[in-house]
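As structure tokens, the structure follows; a few thoughts come after it.
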Amino acid sequence: MLHINKIRENKESYIALLKVKNMDATDLIIHAIAKDDERKATQQKADELLTKGNQLAKQIGELYKTGKAAEANALKDESSTIKESSKALQAKQAELEKEIQDILVQIPNVPHPSVPQGKSDENNITIKEVGAISALMKGAKPHWELTTDYNLIDFELGNKITGAGFPVYVNKGAKLQRALIAYFLDKNIAAGYTEYLPPHVVNEASGFGTGQLPKFEEDLYKIPSDIDLYLIPTAEVPITNFFRDVIVKGFPIKCTAYTPCFRREAGSYGKEVRGLNRLHQFDKVEIVQIQHPEKSYETLDVMVNHVASILNELELPYKILQLCGGDLSFSSALTFDFEVYSAGQERWLEVSSVSNFESYQANRLKLRYKDENGKMQLCHTLNGSALALPRIYAALIENNQTAEGIKIPKALQPYTGFDIIK
RNA sequence: GGAGAGGUGGCAGAGUGGUCGAAUGCACUGGUCUUGAAAACCAGCGUACAGCAAUGUACCGGGGGUUCGAAUCCCUCCCUCUCCGCCA
């Protein structure tokens, strides 16, 4: 959520920048500012009345104390009237505050000035491409055939017990998944991140804090119970919410966590969702940083390089893309996506998304620090996948299929305990 | 699931109807003293909103109520702790 005062200060430039996200926020912004003006005026009136009321109450107290009960009683009527009108004003103020918030949550984060205009992922800019796409043997297979041939994943079984998009990993297929999780976590810990294992279910306040709610409720699985709980769509939600209402003492704060991720993915279909390409439950290792505003873009680069170094070790061909305005998420100011080449499908698969949210999330979270003048300021938050499992898994087995079997990259062998799947 | 206790500033902890945004201690910040440090002493030290400012308003777990006036009384919800039961 953008801060209303920041919107006031940067009205024109925000409107212009939001157009890069293909969003005309002019009406929302004008409306929000008008409501805020009204709110200020209302508060001033309410404060005046309350001041008067407080003074009267004090007088009445004094009069009682000095035994002038009659005079005190005379003042009570006036006090009652004041109270009634101030209540009405306060109710109006609360209503206005809610209206303003309802508008503000509809305005996406302002993109960084470097974000290119664009309609969709086709307009993303390739920053870097690493690793040669190796020529595969004849008859190379997509992963959904390999997982069956080698008995690594049972999609049918998952279908039976839960539904489509909930695969069951089997035998070495399960071990490979577990190895990747442990490997990613170790890489992140080595880079200075603290490991967490958070709950996989969060409350409404957390969903709001990171921006999944109220706008994207239909993307989440909701647990019917007396209080509203949601299955997490990413570890970003519990982790970032650790810092809700927190005043941080030092920067940076670096967290990593493995969690399963649950997504409704309503409306997806076709070969985009075949096999591991898009699931309702998948595993992901996430990295999150809380940073000083002046350092956040530097940190974004560091995080991008960190993810790149993991892909280098896994010997997967990948490219880094800067997302255009049209593909940028609601809360993000600047995002770099990683795609690995999946040789069996002959296409690029998104495996990581590294973003700087600037103070957009922090404002909702009330995640702040005290600056050198002792003033409260909003922190910047960043996060990225390091990494999302299923598509890495898919690319790994597709790219490394040989006549002898599926070869495991060196970096992963200490974790799998085997170097080939036959 | 049953019984009880409790939620106050960064922490500890007072406060049961008015002058309480809240004693006191610790922590923290600045100063005096000291060769330096410690100790001692002096001063400062919550957040949000409004205002150029002076200042005003709100906040003592959340919400509602009683009252001229609520941290304090009432209702309700949430949370924590202790004991018992159940349980991986």
Side-chain angles (χ1 to χ4, degrees), chain A residues 1-9 32-105 197-209 213 223-230 238 241-251 253 290 359-379:
Chain A
M1 192 165 68
L2 296 169
H3 197 105
I4 184 70
N5 290 343
K6 284 267 157 57
I7 293 178
R8 280 179 184 278
E9 283 166 30
I33 292 174
K35 285 280 175 197
D36 194 45
D37 286 337
E38 205 182 336
R39 189 209 101 235
K40 286 187 190 192
T42 308
Q43 182 178 335
Q44 273 175 23
K45 271 190 241 161
D47 280 2
E48 264 174 50
L49 276 178
L50 285 168
T51 308
K52 219 187 262 175
N54 287 341
Q55 285 169 349
L56 269 179
K58 241 173 226 179
Q59 273 180 40
I60 293 169
E62 289 297 328
L63 289 171
Y64 270 125
K65 215 167 245 177
T66 49
K68 297 173 185 163
E71 281 179 54
N73 284 325
L75 287 176
K76 279 190 186 179
D77 278 346
E78 193 183 346
S79 183
S80 295
T81 320
I82 285 174
K83 203 200 170 186
E84 252 167 64
S85 30
S86 73
K87 257 202 175 160
L89 280 171
Q90 281 180 303
K92 190 182 175 196
Q93 193 185 333
E95 195 181 307
L96 282 166
E97 275 165 14
K98 194 182 171 299
E99 281 175 31
I100 292 163
Q101 166 140 316
D102 287 346
I103 298 169
L104 292 182
V105 295
L197 208 166
H200 301 161
V201 170
V202 291
N203 57 28
E204 201 176 358
S206 296
F208 182 82
L213 299 174
I223 301 172
S225 65
D226 49 344
I227 52 164
D228 288 338
L229 294 175
Y230 299 85
N241 274 285
F242 289 169
F243 303 98
R244 174 146 45 85
D245 295 318
V246 166
I247 291 142
V248 305
K249 294 274 156 59
F251 294 112
I253 295 170
I290 316 289
S359 58
Y360 193 84
Q361 285 183 332
N363 187 36
R364 283 189 171 206
L365 292 162
K366 287 202 247 130
L367 164 53
R368 297 167 297 172
Y369 67 98
K370 256 186 189 158
D371 68 14
E372 52 285 352
N373 301 318
K375 269 199 74 183
M376 288 294 186
Q377 304 287 355
L378 292 170
C379 302

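Side chains included, hydrogens not; waters and symmetry mates left out as well; all remaining heavy atoms used. What you see is a predicted model; the values in this text were computed from it and never measured. A, B, ... follow the sequence lines: proteins, then strands. Residue 1 opens every chain.
- The same atom, P, is picked in B:rA71 and in B:rC20; the two are 12 Å apart, to the nearest Å.
- For A:N363 and B:rC49, the CG to P distance is 10 Å, given to the nearest whole Å.
- Taking atom CG of residue A:D77 and atom P of nucleotide B:rG69, one finds them 12 Å apart after rounding to whole Å.
- Using a cutoff of 4.0 Å between basic side-chain nitrogens and carboxylate oxygens, A:K40 and A:D37 are not scored as salt-bridged.
- For A:Q44, the listed nucleotide lying nearest its side chain is B:rG51; candidates were B:rG51, B:rU47, B:rA58.
- At the phosphate of B:rA50, neither OP1 nor OP2 sits under 4.0 Å from any side-chain N or O atom of A:K45.
- B:rG15 and B:rC84 are spaced 34 Å apart, taking the C1' atom of each and rounding to whole Å.
- Heavy-atom neighbours of A:E9 CD from other residues, nucleotides or ligands within 6.0 Å: above the threshold of 12.
- Rounded to the nearest Å, the gap between the C1' atom of B:rU57 and that of B:rC45 is 22 Å.
- To the nearest angstrom, P of B:rC68 lies 16 Å from CG of A:L50.
- Looking at the side chain of A:K370, the nearest of the listed nucleotides B:rC49, B:rU47, B:rG51 is B:rU47.
- In this structure, CD of A:E97 is placed 13 Å from C1' of B:rC59, rounded to the nearest angstrom.
- Summarising the geometry, the separation between CD on A:Q59 and P on B:rG18 is reported as 18 Å, rounded to the nearest angstrom.
- Between the base of B:rU67 and the side chain of A:K83 there is a donor-acceptor pair shorter than 3.5 Å.
- Within the 4.0 Å cut-off from OP1 or OP2 of B:rA48, at least one side-chain nitrogen or oxygen of A:R368 is found.
- In this structure, the nucleotide among B:rC68, B:rA58, B:rA48 sitting nearest to the side chain of A:A57 is B:rC68.
- In this structure, of B:rC68, B:rU57, B:rG51, it is B:rG51 that holds the atom nearest to the side chain of A:K40.
- One P atom belongs to B:rC28, the other to B:rG21, and the distance between them is 29 Å to the nearest Å.
- One finds no side-chain N or O of A:R39 lying less than 4.0 angstrom from the OP1 or OP2 phosphate oxygen of B:rC49.
- Nearest-nucleotide mapping onto RNA chain B: of A:K76 and A:D47, the residue sitting toward the 5' end is A:D47.
- The same atom, C1', is picked in B:rG51 and in B:rG63; the two are 30 Å apart, to the nearest Å.
- Closest to the side chain of A:Q43, from the set B:rA58, B:rC68, B:rG56, is B:rG56.
- Pairing of B:rC49, defined by two Watson-Crick or G-U wobble distances under 3.5 Å, is identified with B:rG56.
- Only one option out of A:L96, A:I100, A:L104 pairs with A:D36 in a side chain to side chain contact (heavy atoms under 4.5 Å, CB included); it is A:I100.
- Between A:Y369 and A:L378, the shortest heavy-atom distance links the atoms CE2-O, 3.5 Å.
- B:rA70 and B:rG1 have their P atoms separated by 37 Å, with the value rounded to a whole Å.
- Here the side chain of A:T66 pairs a donor or acceptor atom with the backbone of A:E62 at under 3.5 angstrom.
- A:N373 contributes no side-chain N or O that, together with a main-chain N or O of A:K375, makes up a donor-acceptor pair within less than 3.5 Å.
- If A:T51 and A:G374 are placed on RNA chain B by their nearest nucleotide, the residue sitting closer to the 5' end is A:G374.
- B:rU67 and B:rC74 have their P atoms separated by 16 Å, with the value rounded to a whole Å.
- Taking only side-chain nitrogens and oxygens, A:N54 never comes nearer than 4.0 Å to OP1 or OP2 of B:rG56.
- In this structure, A:K87 places its NZ atom 13 Å from C1' of B:rC68, rounding to the nearest Å.
- Summarising the geometry of A:E204 relative to A:Y230, their closest heavy-atom pair is CA-CE1, 4.2 Å, with the distance given to 0.1 Å.
- Spacing between B:rG2 and B:rG69 at atom C1', rounded to whole Å, works out to 41 Å.
- Taking only side-chain atoms of A:M376, from C-beta outward, the nucleotide of B:rA48, B:rU57, B:rC49 with the closest atom is B:rA48.
- Atom CD of A:E84 and atom P of B:rG69 are 11 Å apart (whole Å).
- B:rA50 atom P lies 16 Å from atom NZ of A:K92, rounded to whole Å.
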